[in-house]
Amino acid sequence: MFVPPACEVSIQHLPALVPQPLSAHAYAQALSLLAMLLQEDQSQLIPFKNNGGVQLLAMLLRRCPPSPLTAELATVMQQIVEAVKGDRDVYIACIRYLLFDFSVWGSAPWATHVVVLRMLTEYVHSDPHFVKQHVGIRPLLQALVKVYYSEPSEYACKRDASLTEDAVAELQQSVVEMLRMLIDSERVVYRVDVSFLLSVLYMVEEAGILSSLLALIYEQCTQRRGNAAG
């Protein structure tokens, strides 16, 4: 397949460059080209935004079988996110609906979840207020539930046999720390579904996490009561 130089390619040409049917590696290759186009030519952000690029990518990821949802693909998605920083709205949408939407990565192999969680850790440590405001706490709770499942199920990704218990414990602690950082970053709680919080309580045994979740539920209920009274 002939692939012209990046300077001769635009967003509109991408469908013709994607082989069908796609192999697992081809997803990452095709989206890597998209990342390169957006990085090298910021004018490509306009058709990407106008043509619903974020929505199309989210749809693609949700329809993917597990095999293409690789750690490589997650890394490519991060490259796309960094490439669209020139448009704040698109950047926030990519962060929220692509990179850190665990419903997108739900069927991905365990190794992919490890990569995504580590990316999220970097963002949380860099700017917890931004993550809390534009991603929210719910994705972290979704990640927490997946981390605490010990057996594969329809709700949990499949763990790689090479992942040790120490590595799992490290991820658990990482998620706990991120959750606490977001809760403590400010008193305002964004987009938190109290019923979802309640639904995950019985899945978590660590006392520190339970305490944080219960405190968050209390704060949210108190805020709602105060708003209703006002």
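What you see below is based on every heavy atom in this structure, not just the backbone, and it leaves out hydrogens, waters and symmetry mates. For clarity, every value in this text was computed on a predicted model and none was experimentally measured.
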Heavy-atom neighbours of Y97 OH exceed 12 at 6.0 Å: no
Flag if over 12 foreign heavy atoms under 6.0 Å of CD1, I46: no
Reported [atom1]-to-[atom2] distance for the pair [X] and [Y], which is rounded to 0.5 angstrom:
X	Y	atom1	atom2	result
L34	Q29	CG	CD	14.0 Å
L60	L56	CG	CG	9.0 Å
L37	L31	CG	CG	11.0 Å
E122	M119	CD	CE	7.5 Å
H129	Q133	NE2	CD	4.5 Å
F48	C94	CZ	SG	5.0 Å

Considering all heavy atoms, the nearest V124-M181 contact: O-CE, 3.8 Å
Least distance between heavy atoms, Q39 atom then Q42 atom: O-NE2, 4.0 Å
Taking the side chain as C-beta and beyond, is there a heavy-atom pair between [X] and [Y] under 4.5 Å?
X	Y	answer
V135	I92	no
H134	I95	no
F100	V131	no
L69	P66	no

With R62 via side chain to side chain donor-acceptor pair (under 3.5 Å) - residues at least two apart: D101
Sequence neighbours left out, cut at 3.5 Å: what donor-acceptor pairs do the side chains of residues 72-84 make with other protein atoms?
unit_1	atom_1	unit_2	atom_2	d
E72	OE1	H25	ND1	3.0
T75	OG1	A71	O	3.0
E82	OE1	K85	NZ	3.1
E82	OE2	Y123	OH	2.7

May I ask you to decide if [Y]'s main-chain N or O and [X]'s side chain share a donor-acceptor pair within less than 3.5 Å?
X	Y	answer
T121	L117	yes
W105	L99	yes
N51	P47	yes

D127: salt bridge (Lys or Arg N to Asp or Glu O under 4.0 Å) partners, not counting sequence neighbours: none
